[in-house]
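Below, chains carry the letters A, B, ... as their sequence lines are ordered, and counting in each starts from 1. Bear in mind the structure is a predicted one, so any value in this text is a computation, not a measurement.
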There are 2 protein chains.
Amino acid sequence: MYSYRYPHPAVSTDIVIFTILDDRLQVLLIRRAAAPFRGAWALPGGFVEIDEDLEAGALRELEEETGIRDIYLEQLYTFGQPGRDPRERVITVAYYALVPFGQLGEIKAASDAAATAWHPLARLPKTAFDHDRIIETARRRLVAKLDYSTIALQFLPRRFSLGELQQVHEVITGEPLDKRNFRKRILGAGFLVDTGKVRRGNRCRPARLYRARSPGKLSYLR
Amino acid sequence: MYSYRYPHPAVSTDIVIFTILDDRLQVLLIRRAAAPFRGAWALPGGFVEIDEDLEAGALRELEEETGIRDIYLEQLYTFGQPGRDPRERVITVAYYALVPFGQLGEIKAASDAAATAWHPLARLPKTAFDHDRIIETARRRLVAKLDYSTIALQFLPRRFSLGELQQVHEVITGEPLDKRNFRKRILGAGFLVDTGKVRRGNRCRPARLYRARSPGKLSYLR
DNA sequence: CCAAAAGTGTTCACCGTACACCCATGA
DNA sequence: TCATGGGTGTACGGTGAACACTTTTGG
């Protein structure tokens, strides 16, 4: 009854990296340099090594293919339908993460990726494998977590204004929010701290800058 | 760059089956008939066949080992830490499901399971592998979904009384609920339909029986 | 001085919560 | 007749939603 008598599937990770750029929710794709789906856009990711933790494998592939490192991944879902990869049976464990806009200079096109680029979710190209389905699953998860978690903060740098945070919420949901209600709700929740600093120089009134109460931690609202 | 030059991990499924029995949340475990962890309690599950969908594999193993069939599984999480199985690298995709109490006569001990038994979550035995962690992850998911989904209905037969539904909620959360508020909230949500039938013979006033508005479907509250 | 984003309170409707008694039945 | 769960309404406080004007700066 031991398993290694039977053929094993390949196991890979795929990573959905979201950012907000030009007032749109965007996802990072790489152009595949090799078959199958050569030339098609695909999620960063790759095969897990035999003694490597799943999340570690995802982080490694992400850094190899995009240069992005030191971010917090959350497991999304595992896609294992036979036939989703034409080469062989591949089961992929999908992760997702959110990165701040304005730190895009670092994205590189690496080893086995011909190019990397941000794509607005509203206008995705045809993607390799079932990656469009993975992206849609990640989008739904993101929207669902938006109003019971502090997930939106991950789109912002360490210090940010309330206007920026509101804009993140508006871009993700597509719905405009009332400024006074938003501020009351967010500040009342108590997970933001006024840093005492302001941002000036925007040809308008300076904005107070806030930070998360426990930086780096994912704390929940209630 | 093709993957099959590299060793592949084994992929298995594990299934956390909850029920409510004796006013306690319980989980179905099998006693392992083979090494490793021979004689220890473990979740039903097993290796995925090379051309088999993940959920189909989970359903097959569940039926083989317990006789349970025709239930709705939901994917829980994928556990892949190296070393979690002493034989070789095994990545397991965990599923969970809820079955009605009072249908337990069918549970069998099958092929590679020496015995099957329900265990109250509050008093779990030592489990094989990392199955205690998988069970705890499933329990948290269940509690989290309780009040924004109709998941509790899955513990009940097609027709049920409001008292039974309230009891399900109380057992899962461990908190008592006010009867009038519970009924108001549940009936106001509009996913229950009065069947017109009653259940009598309990030495007390007969209870109206309800059913889900869309039987078999997982509809959400708001 | 003007454009642009920041900042600020009140009112109202609705919802969750607290709370106690009668009803229908089988034994 | 009595024990057992079934069934019902109201009052209150808190929370989310609607809504408009002043402030501060850079150009």
Measure [atom1]/[X] against [atom2]/[N] and give the value in whole Å, please.
X      : N      : atom1 : atom2 : answer
A:L187 : C:dT8  : CG    : C1'   : 12 Å
A:F182 : C:dT8  : CZ    : P     : 15 Å
A:N181 : D:dC19 : CG    : P     : 11 Å
A:R199 : C:dA5  : CZ    : P     : 13 Å
A:D147 : D:dA17 : CG    : P     : 10 Å
B:Q166 : D:dT8  : CD    : P     : 14 Å
B:K184 : D:dT8  : NZ    : P     : 13 Å
B:R185 : C:dA18 : CZ    : P     : 12 Å

Using the side chain to side chain donor-acceptor pair (under 3.5 Å) criterion, which residues pair with [X]? Sequence neighbours excluded.
X      : value
A:E170 : A:Q166
B:R24  : none
B:Q26  : none
B:S12  : B:T92

Between C:dG7, D:dG6, C:dA20, spot the one nearest the side chain of B:S161, thanks. D:dG6
Counting heavy atoms from C-beta on, name the nucleotide in C:dA6, D:dG9, D:dC19 closest to the side chain of A:D178. D:dC19
Quick check: does any side chain N or O of A:D130 sit under 3.5 Å from a backbone N or O of A:R133, one acting as donor and the other as acceptor? no
Any base atoms under 4.0 Å from A:R183, or only sugar-phosphate, or nothing? Heavy atoms, all strands. base
Let me spell it out: for each of B:E164 and A:R180, pick the nucleotide of DNA chain D with the closest heavy atom. Which residue's pick is nearer the 5' end? B:E164
Determine, for nucleotides 21-27 of chain C in 5'-to-3' order, which nucleotides have protein heavy atoms under 4.0 Å from the base (write B), from only the sugar-phosphate (write S), or from neither (write -). --BBBBS
Please list, one pair per line, the donor and acceptor atoms closer than 3.5 Å that link side chains of residues 188-197 of chain A to other protein atoms, with sequence neighbours excluded.
residue : atom : partner : partner atom : Å
A:D194  : OD1  : A:G196  : N            : 2.8
A:D194  : OD2  : A:R208  : NE           : 2.7
A:T195  : OG1  : A:K197  : N            : 3.3
A:T195  : OG1  : A:L209  : O            : 2.7

Stepwise side-chain contact (heavy atoms from CB on, under 4.5 Å) check, B:V27 with B:I17: CA-CA 5 Å; B:V27 62; B:I17 302 285; 5.7 Å; no
